[in-house]
There are 2 protein chains.
Amino acid sequence: MANSKLDALDYKILKMLAVNARKPYLEIARACNVSGAAIHQRIQKLYNLGVIRGSISLINPSSVGYDTCAYVGIYLNDSSKFDEVVEHLKEMPEVVECYFTTGKYDMFVKLYAHNNDHLLSLIHNKFLQLGLGRTETLITFKEVFKRQIPIAEDDE
Amino acid sequence: MANSKLDALDYKILKMLAVNARKPYLEIARACNVSGAAIHQRIQKLYNLGVIRGSISLINPSSVGYDTCAYVGIYLNDSSKFDEVVEHLKEMPEVVECYFTTGKYDMFVKLYAHNNDHLLSLIHNKFLQLGLGRTETLITFKEVFKRQIPIAEDDE
DNA sequence: GTTGAAATCGAGACACT
DNA sequence: AGTGTCTCGATTTCAAC
(Lines give C-alpha, C1' and ligand atoms only; values in the text may rest on other atoms or scores of the structure.)
Protein backbone atom coordinates (compact mmCIF):
# COMPACT_ATOMS: atom_id res chain seq x y z
CA MET A 1 0.00 0.00 0.00
CA ALA A 2 2.95 2.29 0.45
CA ASN A 3 5.15 3.23 -2.45
CA SER A 4 8.20 4.86 -0.97
CA LYS A 5 9.13 6.55 -4.20
CA LEU A 6 8.65 9.95 -2.66
CA ASP A 7 11.54 12.35 -2.89
CA ALA A 8 12.49 15.37 -0.85
CA LEU A 9 10.25 17.67 -2.88
CA ASP A 10 7.24 15.45 -2.26
CA TYR A 11 7.92 15.51 1.44
CA LYS A 12 8.28 19.25 1.46
CA ILE A 13 4.92 19.61 -0.28
CA LEU A 14 3.25 17.17 2.09
CA LYS A 15 4.65 18.96 5.07
CA MET A 16 3.11 22.23 4.01
CA LEU A 17 -0.24 20.86 2.96
CA ALA A 18 -0.52 18.81 6.14
CA VAL A 19 -0.63 22.02 8.12
CA ASN A 20 -2.62 24.16 5.72
CA ALA A 21 -4.67 22.54 2.99
CA ARG A 22 -5.43 25.88 1.38
CA LYS A 23 -1.85 27.02 1.01
CA PRO A 24 -1.55 28.47 -2.52
CA TYR A 25 0.42 26.27 -4.88
CA LEU A 26 2.51 29.22 -5.96
CA GLU A 27 3.61 29.86 -2.41
CA ILE A 28 4.72 26.26 -2.17
CA ALA A 29 6.47 26.67 -5.49
CA ARG A 30 8.39 29.71 -4.29
CA ALA A 31 9.37 27.98 -1.06
CA CYS A 32 10.70 25.03 -3.05
CA ASN A 33 12.32 27.03 -5.85
CA VAL A 34 10.39 25.34 -8.61
CA SER A 35 7.63 26.44 -10.94
CA GLY A 36 3.98 26.44 -10.05
CA ALA A 37 3.23 23.90 -12.73
CA ALA A 38 5.68 21.47 -11.17
CA ILE A 39 3.92 21.71 -7.82
CA HIS A 40 0.61 21.25 -9.55
CA GLN A 41 1.79 18.04 -11.19
CA ARG A 42 3.35 16.72 -8.01
CA ILE A 43 0.23 17.26 -5.98
CA GLN A 44 -1.89 15.55 -8.59
CA LYS A 45 0.53 12.65 -8.55
CA LEU A 46 0.30 12.47 -4.76
CA TYR A 47 -3.48 12.37 -5.00
CA ASN A 48 -3.40 9.67 -7.63
CA LEU A 49 -1.02 7.58 -5.58
CA GLY A 50 -3.31 7.84 -2.59
CA VAL A 51 -0.69 9.64 -0.54
CA ILE A 52 -3.02 12.60 -0.09
CA ARG A 53 -6.51 11.39 0.66
CA GLY A 54 -8.35 14.69 0.75
CA SER A 55 -8.53 17.88 2.72
CA ILE A 56 -10.79 18.93 5.54
CA SER A 57 -11.46 22.01 7.60
CA LEU A 58 -11.15 21.38 11.30
CA ILE A 59 -14.32 22.36 13.07
CA ASN A 60 -14.55 23.01 16.77
CA PRO A 61 -16.93 20.33 18.06
CA SER A 62 -18.28 22.44 20.90
CA SER A 63 -19.20 25.19 18.43
CA VAL A 64 -21.62 22.86 16.73
CA GLY A 65 -23.07 21.46 19.90
CA TYR A 66 -20.87 18.47 20.70
CA ASP A 67 -19.37 18.91 24.13
CA THR A 68 -18.56 15.31 24.99
CA CYS A 69 -15.97 13.13 23.31
CA ALA A 70 -15.48 9.52 24.24
CA TYR A 71 -13.72 6.36 23.18
CA VAL A 72 -15.51 3.06 23.49
CA GLY A 73 -13.81 -0.33 23.52
CA ILE A 74 -16.07 -3.09 22.27
CA TYR A 75 -16.05 -6.81 22.93
CA LEU A 76 -17.92 -8.80 20.32
CA ASN A 77 -19.89 -11.88 21.29
CA ASP A 78 -19.77 -13.27 17.80
CA SER A 79 -16.68 -12.24 15.91
CA SER A 80 -18.22 -13.23 12.58
CA LYS A 81 -20.39 -10.17 12.95
CA PHE A 82 -17.62 -7.63 12.40
CA ASP A 83 -18.99 -6.37 9.13
CA GLU A 84 -22.56 -6.17 10.32
CA VAL A 85 -21.55 -4.17 13.38
CA VAL A 86 -19.47 -1.83 11.25
CA GLU A 87 -22.46 -1.15 9.04
CA HIS A 88 -24.54 -0.19 12.02
CA LEU A 89 -21.82 2.00 13.44
CA LYS A 90 -21.51 3.79 10.12
CA GLU A 91 -25.14 4.73 10.34
CA MET A 92 -24.54 6.55 13.61
CA PRO A 93 -23.16 9.94 12.64
CA GLU A 94 -21.87 10.44 16.17
CA VAL A 95 -19.33 7.67 15.62
CA VAL A 96 -16.43 9.38 13.89
CA GLU A 97 -13.69 6.77 13.95
CA CYS A 98 -13.72 3.00 14.03
CA TYR A 99 -10.82 0.58 14.33
CA PHE A 100 -10.20 -3.13 14.55
CA THR A 101 -7.71 -3.71 17.31
CA THR A 102 -5.55 -6.34 18.90
CA GLY A 103 -5.42 -6.81 22.63
CA LYS A 104 -8.11 -5.96 25.08
CA TYR A 105 -10.92 -5.13 22.71
CA ASP A 106 -12.12 -6.37 19.35
CA MET A 107 -13.11 -2.95 18.14
CA PHE A 108 -12.51 0.57 19.24
CA VAL A 109 -14.51 3.64 18.29
CA LYS A 110 -14.41 7.36 18.89
CA LEU A 111 -17.63 9.29 19.17
CA TYR A 112 -19.04 12.70 19.97
CA ALA A 113 -22.18 13.46 21.93
CA HIS A 114 -23.97 16.65 22.88
CA ASN A 115 -23.43 15.97 26.57
CA ASN A 116 -23.03 13.15 29.03
CA ASP A 117 -26.70 12.23 28.99
CA HIS A 118 -26.64 11.99 25.24
CA LEU A 119 -23.53 9.83 25.41
CA LEU A 120 -25.18 7.49 27.85
CA SER A 121 -28.25 7.23 25.68
CA LEU A 122 -26.13 6.47 22.61
CA ILE A 123 -24.37 3.67 24.39
CA HIS A 124 -27.45 2.23 26.04
CA ASN A 125 -29.97 2.64 23.26
CA LYS A 126 -27.80 2.07 20.23
CA PHE A 127 -24.65 0.17 21.00
CA LEU A 128 -26.13 -2.47 23.22
CA GLN A 129 -28.75 -3.34 20.63
CA LEU A 130 -26.27 -4.31 17.97
CA GLY A 131 -25.59 -7.77 19.29
CA LEU A 132 -22.23 -6.70 20.56
CA GLY A 133 -20.89 -7.74 23.91
CA ARG A 134 -19.63 -5.65 26.74
CA THR A 135 -18.30 -2.14 26.19
CA GLU A 136 -15.89 0.04 28.10
CA THR A 137 -16.18 3.79 27.85
CA LEU A 138 -13.45 6.33 28.25
CA ILE A 139 -14.62 9.91 28.45
CA THR A 140 -12.10 12.55 27.44
CA PHE A 141 -12.47 15.75 29.33
CA LYS A 142 -9.73 17.63 27.63
CA GLU A 143 -8.08 17.35 24.25
CA VAL A 144 -4.60 18.54 25.11
CA PHE A 145 -3.28 18.51 21.57
CA LYS A 146 -3.90 17.02 18.16
CA ARG A 147 -1.70 17.06 15.11
CA GLN A 148 -0.69 15.12 12.02
CA ILE A 149 1.83 12.35 11.61
CA PRO A 150 5.42 13.47 11.44
CA ILE A 151 6.73 14.00 7.93
CA ALA A 152 10.47 13.68 7.79
CA GLU A 153 12.53 16.45 6.22
CA ASP A 154 13.90 14.04 3.64
CA ASP A 155 13.19 10.51 4.60
CA GLU A 156 14.82 8.03 2.31
CA MET B 1 -16.38 28.22 24.56
CA ALA B 2 -19.26 27.69 22.18
CA ASN B 3 -21.24 30.58 20.81
CA SER B 4 -24.35 29.09 19.30
CA LYS B 5 -25.05 32.09 17.17
CA LEU B 6 -24.57 30.15 14.00
CA ASP B 7 -27.39 30.23 11.51
CA ALA B 8 -28.36 27.87 8.71
CA LEU B 9 -25.93 29.47 6.27
CA ASP B 10 -23.04 29.00 8.65
CA TYR B 11 -23.92 25.35 9.03
CA LYS B 12 -24.16 24.87 5.30
CA ILE B 13 -20.72 26.38 4.84
CA LEU B 14 -19.24 24.27 7.62
CA LYS B 15 -20.75 21.15 6.18
CA MET B 16 -19.07 21.72 2.85
CA LEU B 17 -15.70 22.77 4.21
CA ALA B 18 -15.64 19.86 6.64
CA VAL B 19 -15.51 17.50 3.69
CA ASN B 20 -13.35 19.51 1.34
CA ALA B 21 -11.24 22.36 2.67
CA ARG B 22 -10.32 23.49 -0.85
CA LYS B 23 -13.83 23.86 -2.15
CA PRO B 24 -13.92 27.16 -4.05
CA TYR B 25 -15.84 29.86 -2.23
CA LEU B 26 -17.76 30.64 -5.38
CA GLU B 27 -19.06 27.09 -5.57
CA ILE B 28 -20.26 27.38 -2.01
CA ALA B 29 -21.82 30.72 -2.88
CA ARG B 30 -23.75 29.26 -5.79
CA ALA B 31 -24.93 26.33 -3.67
CA CYS B 32 -26.19 28.74 -1.04
CA ASN B 33 -27.61 31.36 -3.42
CA VAL B 34 -25.56 34.20 -2.02
CA SER B 35 -22.62 36.18 -3.32
CA GLY B 36 -19.02 35.07 -3.11
CA ALA B 37 -18.15 38.01 -0.91
CA ALA B 38 -20.77 36.97 1.62
CA ILE B 39 -19.24 33.50 1.84
CA HIS B 40 -15.79 34.99 2.20
CA GLN B 41 -16.89 37.16 5.11
CA ARG B 42 -18.77 34.36 6.79
CA ILE B 43 -15.79 32.06 6.63
CA GLN B 44 -13.53 34.73 8.07
CA LYS B 45 -16.04 35.25 10.86
CA LEU B 46 -16.06 31.51 11.54
CA TYR B 47 -12.28 31.54 11.76
CA ASN B 48 -12.28 34.50 14.11
CA LEU B 49 -14.85 32.86 16.35
CA GLY B 50 -12.71 29.74 16.54
CA VAL B 51 -15.40 27.62 14.93
CA ILE B 52 -13.03 26.70 12.13
CA ARG B 53 -9.61 25.91 13.54
CA GLY B 54 -7.71 25.40 10.35
CA SER B 55 -7.54 23.12 7.36
CA ILE B 56 -5.35 20.13 6.74
CA SER B 57 -4.64 17.70 3.95
CA LEU B 58 -5.10 14.11 5.00
CA ILE B 59 -1.95 12.15 4.41
CA ASN B 60 -1.83 8.40 4.20
CA PRO B 61 0.41 7.37 7.11
CA SER B 62 1.74 4.25 5.42
CA SER B 63 2.85 6.34 2.45
CA VAL B 64 5.23 8.24 4.67
CA GLY B 65 6.49 5.20 6.49
CA TYR B 66 4.15 4.85 9.44
CA ASP B 67 2.55 1.42 9.35
CA THR B 68 1.57 1.05 12.99
CA CYS B 69 -1.04 3.04 14.84
CA ALA B 70 -1.68 2.55 18.53
CA TYR B 71 -3.50 4.04 21.46
CA VAL B 72 -1.85 4.06 24.86
CA GLY B 73 -3.65 4.50 28.13
CA ILE B 74 -1.46 5.98 30.83
CA TYR B 75 -1.60 5.77 34.61
CA LEU B 76 0.28 8.54 36.36
CA ASN B 77 2.11 7.87 39.58
CA ASP B 78 2.06 11.48 40.55
CA SER B 79 -0.91 13.36 39.21
CA SER B 80 0.71 16.70 39.86
CA LYS B 81 2.96 15.91 36.94
CA PHE B 82 0.31 16.25 34.26
CA ASP B 83 1.82 19.31 32.65
CA GLU B 84 5.35 18.00 32.74
CA VAL B 85 4.32 14.76 31.08
CA VAL B 86 2.39 16.66 28.43
CA GLU B 87 5.48 18.68 27.61
CA HIS B 88 7.48 15.54 27.08
CA LEU B 89 4.78 13.95 24.98
CA LYS B 90 4.65 17.04 22.80
CA GLU B 91 8.30 16.60 22.03
CA MET B 92 7.65 13.16 20.59
CA PRO B 93 6.43 13.77 17.05
CA GLU B 94 5.01 10.26 16.92
CA VAL B 95 2.41 11.21 19.50
CA VAL B 96 -0.37 12.81 17.47
CA GLU B 97 -3.19 13.14 19.98
CA CYS B 98 -3.29 13.52 23.73
CA TYR B 99 -6.27 13.59 26.06
CA PHE B 100 -7.03 13.82 29.74
CA THR B 101 -9.64 11.24 30.55
CA THR B 102 -11.92 10.04 33.27
CA GLY B 103 -12.22 6.43 34.16
CA LYS B 104 -9.58 3.79 33.69
CA TYR B 105 -6.67 5.95 32.72
CA ASP B 106 -5.39 9.40 33.60
CA MET B 107 -4.24 10.16 30.09
CA PHE B 108 -4.78 8.67 26.72
CA VAL B 109 -2.64 9.20 23.63
CA LYS B 110 -2.64 8.15 20.00
CA LEU B 111 0.62 7.54 18.24
CA TYR B 112 2.13 6.31 15.00
CA ALA B 113 5.23 4.17 14.62
CA HIS B 114 7.12 2.80 11.64
CA ASN B 115 6.41 -0.76 12.71
CA ASN B 116 5.81 -2.85 15.79
CA ASP B 117 9.45 -2.83 16.85
CA HIS B 118 9.52 0.91 16.63
CA LEU B 119 6.33 1.10 18.67
CA LEU B 120 7.79 -1.11 21.35
CA SER B 121 10.93 0.99 21.48
CA LEU B 122 8.91 4.19 21.79
CA ILE B 123 6.99 2.81 24.72
CA HIS B 124 9.95 1.23 26.46
CA ASN B 125 12.57 3.86 25.82
CA LYS B 126 10.51 7.01 25.95
CA PHE B 127 7.25 6.57 27.79
CA LEU B 128 8.56 4.64 30.72
CA GLN B 129 11.26 7.23 31.41
CA LEU B 130 8.85 10.07 31.95
CA GLY B 131 7.98 9.17 35.49
CA LEU B 132 4.62 7.89 34.45
CA GLY B 133 3.15 4.73 35.82
CA ARG B 134 1.85 1.72 34.01
CA THR B 135 0.67 1.91 30.41
CA GLU B 136 -1.73 -0.16 28.39
CA THR B 137 -1.32 -0.37 24.64
CA LEU B 138 -3.97 -0.98 22.07
CA ILE B 139 -2.69 -1.64 18.58
CA THR B 140 -5.08 -0.85 15.75
CA PHE B 141 -4.67 -3.12 12.78
CA LYS B 142 -7.31 -1.59 10.62
CA GLU B 143 -8.82 1.86 10.46
CA VAL B 144 -12.30 0.98 9.26
CA PHE B 145 -13.50 4.53 8.82
CA LYS B 146 -12.80 8.07 9.91
CA ARG B 147 -14.88 11.16 9.42
CA GLN B 148 -15.82 14.51 10.98
CA ILE B 149 -18.42 15.32 13.58
CA PRO B 150 -21.97 15.52 12.34
CA ILE B 151 -23.09 19.02 11.37
CA ALA B 152 -26.83 19.38 11.57
CA GLU B 153 -28.73 20.76 8.61
CA ASP B 154 -29.99 23.64 10.68
CA ASP B 155 -29.42 23.04 14.33
CA GLU B 156 -31.08 25.51 16.62
C1' DG C 1 -24.46 41.87 7.04
C1' DT C 2 -25.21 41.73 2.14
C1' DT C 3 -24.32 43.07 -2.78
C1' DG C 4 -21.89 43.67 -7.34
C1' DA C 5 -18.00 45.18 -9.83
C1' DA C 6 -12.94 45.71 -10.12
C1' DA C 7 -8.36 44.24 -9.69
C1' DT C 8 -5.16 40.93 -8.23
C1' DC C 9 -3.64 36.42 -8.06
C1' DG C 10 -3.72 31.37 -8.42
C1' DA C 11 -5.15 27.03 -11.02
C1' DG C 12 -4.89 24.24 -14.74
C1' DA C 13 -3.58 23.25 -19.73
C1' DC C 14 -0.23 23.33 -23.33
C1' DA C 15 3.82 23.24 -26.21
C1' DC C 16 8.59 23.03 -25.48
C1' DT C 17 13.05 21.54 -23.44
C1' DA D 1 10.62 14.76 -15.19
C1' DG D 2 10.51 20.70 -15.04
C1' DT D 3 9.67 25.49 -17.39
C1' DG D 4 7.20 29.59 -19.20
C1' DT D 5 3.18 31.40 -21.02
C1' DC D 6 -1.51 31.80 -21.47
C1' DT D 7 -6.50 31.77 -20.36
C1' DC D 8 -10.00 31.13 -17.18
C1' DG D 9 -11.87 31.43 -12.96
C1' DA D 10 -11.34 32.24 -8.02
C1' DT D 11 -10.02 35.32 -4.16
C1' DT D 12 -10.17 39.53 -2.05
C1' DT D 13 -11.15 44.38 -1.49
C1' DC D 14 -14.14 48.25 -1.70
C1' DA D 15 -17.90 51.56 -2.11
C1' DA D 16 -22.60 51.44 -1.59
C1' DC D 17 -27.01 49.70 -0.21
Side-chain angles (χ1 to χ4, degrees), chain A residues 1-60 63-65 148 151-156, chain B residues 1-60 63-65 148 151-156:
Chain A
M1 215 159 198
N3 302 31
S4 338
K5 31 187 165 186
L6 305 181
D7 64 12
L9 178 54
D10 292 317
Y11 274 98
K12 218 164 172 183
I13 294 170
L14 289 177
K15 212 168 179 172
M16 293 193 233
L17 287 182
V19 172
N20 176 11
R22 285 191 86 96
K23 184 173 271 288
Y25 292 1
L26 286 186
E27 258 185 55
I28 301 175
R30 285 190 289 266
C32 297
N33 288 106
V34 292
S35 73
I39 298 296
H40 182 239
Q41 290 166 29
R42 288 293 187 119
I43 291 178
Q44 210 143 39
K45 184 195 74 176
L46 292 169
Y47 264 96
N48 292 338
L49 286 175
V51 177
I52 303 179
R53 286 169 162 172
S55 67
I56 61 173
S57 291
L58 301 172
I59 290 161
N60 186 346
S63 294
V64 290
Q148 285 242 69
I151 297 173
E153 274 303 333
D154 50 351
D155 210 341
E156 172 248 9
Chain B
M1 215 163 200
N3 302 29
S4 340
K5 31 186 164 185
L6 305 182
D7 64 11
L9 178 55
D10 293 317
Y11 274 99
K12 220 165 171 180
I13 294 171
L14 289 176
K15 212 169 180 172
M16 294 194 233
L17 288 182
V19 174
N20 177 11
R22 285 191 84 96
K23 184 174 270 291
Y25 292 1
L26 285 186
E27 259 185 54
I28 301 174
R30 284 190 290 266
C32 297
N33 288 106
V34 292
S35 74
I39 297 296
H40 179 241
Q41 288 167 31
R42 287 293 187 116
I43 292 176
Q44 212 144 40
K45 183 196 74 177
L46 291 170
Y47 264 96
N48 292 337
L49 286 176
V51 178
I52 302 178
R53 287 170 161 171
S55 68
I56 62 173
S57 292
L58 300 172
I59 289 159
N60 185 345
S63 295
V64 290
Q148 284 242 66
I151 297 172
E153 274 303 333
D154 49 352
D155 210 343
E156 171 246 11

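Bear in mind that the values here come from a model prediction, so they are computed numbers and not experimental data. All values below come from the heavy atoms of this structure, side chains included, with hydrogens, waters and symmetry mates left out. So you know, we letter chains A, B, ... as the sequences are listed, proteins then strands, and number each from 1.
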**OP:** Find the distance A:Lys45:NZ to C:dG12:P and express it as a whole number of Å.
**Re:** 17 Å
Subject >> For B:Ser55, the option from A:Ile56, A:Leu17, A:Val19, A:Asn20 that meets side-chain contact (heavy atoms from CB on, under 4.5 Å) >> reply: A:Asn20
**OP:** Please state how far atom CG in B:Asn20 lies from atom P in C:dA11, giving the value in whole angstrom units.
**Re:** 14 Å
**OP:** Grab the CD1-P distance between A:Ile43 and C:dA11 for me, whole Å please.
**Re:** 8 Å
Original post:
Given axes from five pairs at either end, by how many degrees does the helix from C:dG1-D:dC17 to C:dT17-D:dA1 bend, rounded to 10°?
Top reply: 30°
**OP:** Considering just the side-chain nitrogens and oxygens of B:Arg22, establish if one lies under 4.0 Å of OP1 or OP2 belonging to D:dA10.
**Re:** no
Subject >> 5' precedence on DNA chain C between A:Arg30 and A:Ala37 (nearest-nucleotide basis) >> reply: A:Arg30
Original post:
Rounded to the nearest Å, what distance is computed from the OH atom of residue B:Tyr25 to the C1' atom of nucleotide D:dT12?
Top reply: 10 Å
Original post:
Can you tell me how far P of D:dT11 sits from CD of B:Gln41, to the nearest Å?
Top reply: 14 Å
Original post:
Which of these nucleotides, C:dG1, D:dT3, C:dT3, is closest to any side-chain atom of B:Arg42?
Top reply: C:dG1
Original post:
For A:Asp10 and D:dA1, what is the distance between atoms CG and C1' respectively, to the nearest whole Å?
Top reply: 12 Å
Subject >> Between D:dT11 (P) and A:Glu27 (CD): distance, integer Å >> reply: 15 Å
**OP:** Taking only Lys NZ, Arg NE, NH1 and NH2, and the carboxylate oxygens of Asp or Glu, determine whether B:Arg42 and B:Asp7 approach each other closer than 4.0 Å.
**Re:** yes
Original post:
OP1 or OP2 of D:dT11 sitting under 4.0 Å from any side-chain N/O of B:His40?
Top reply: no
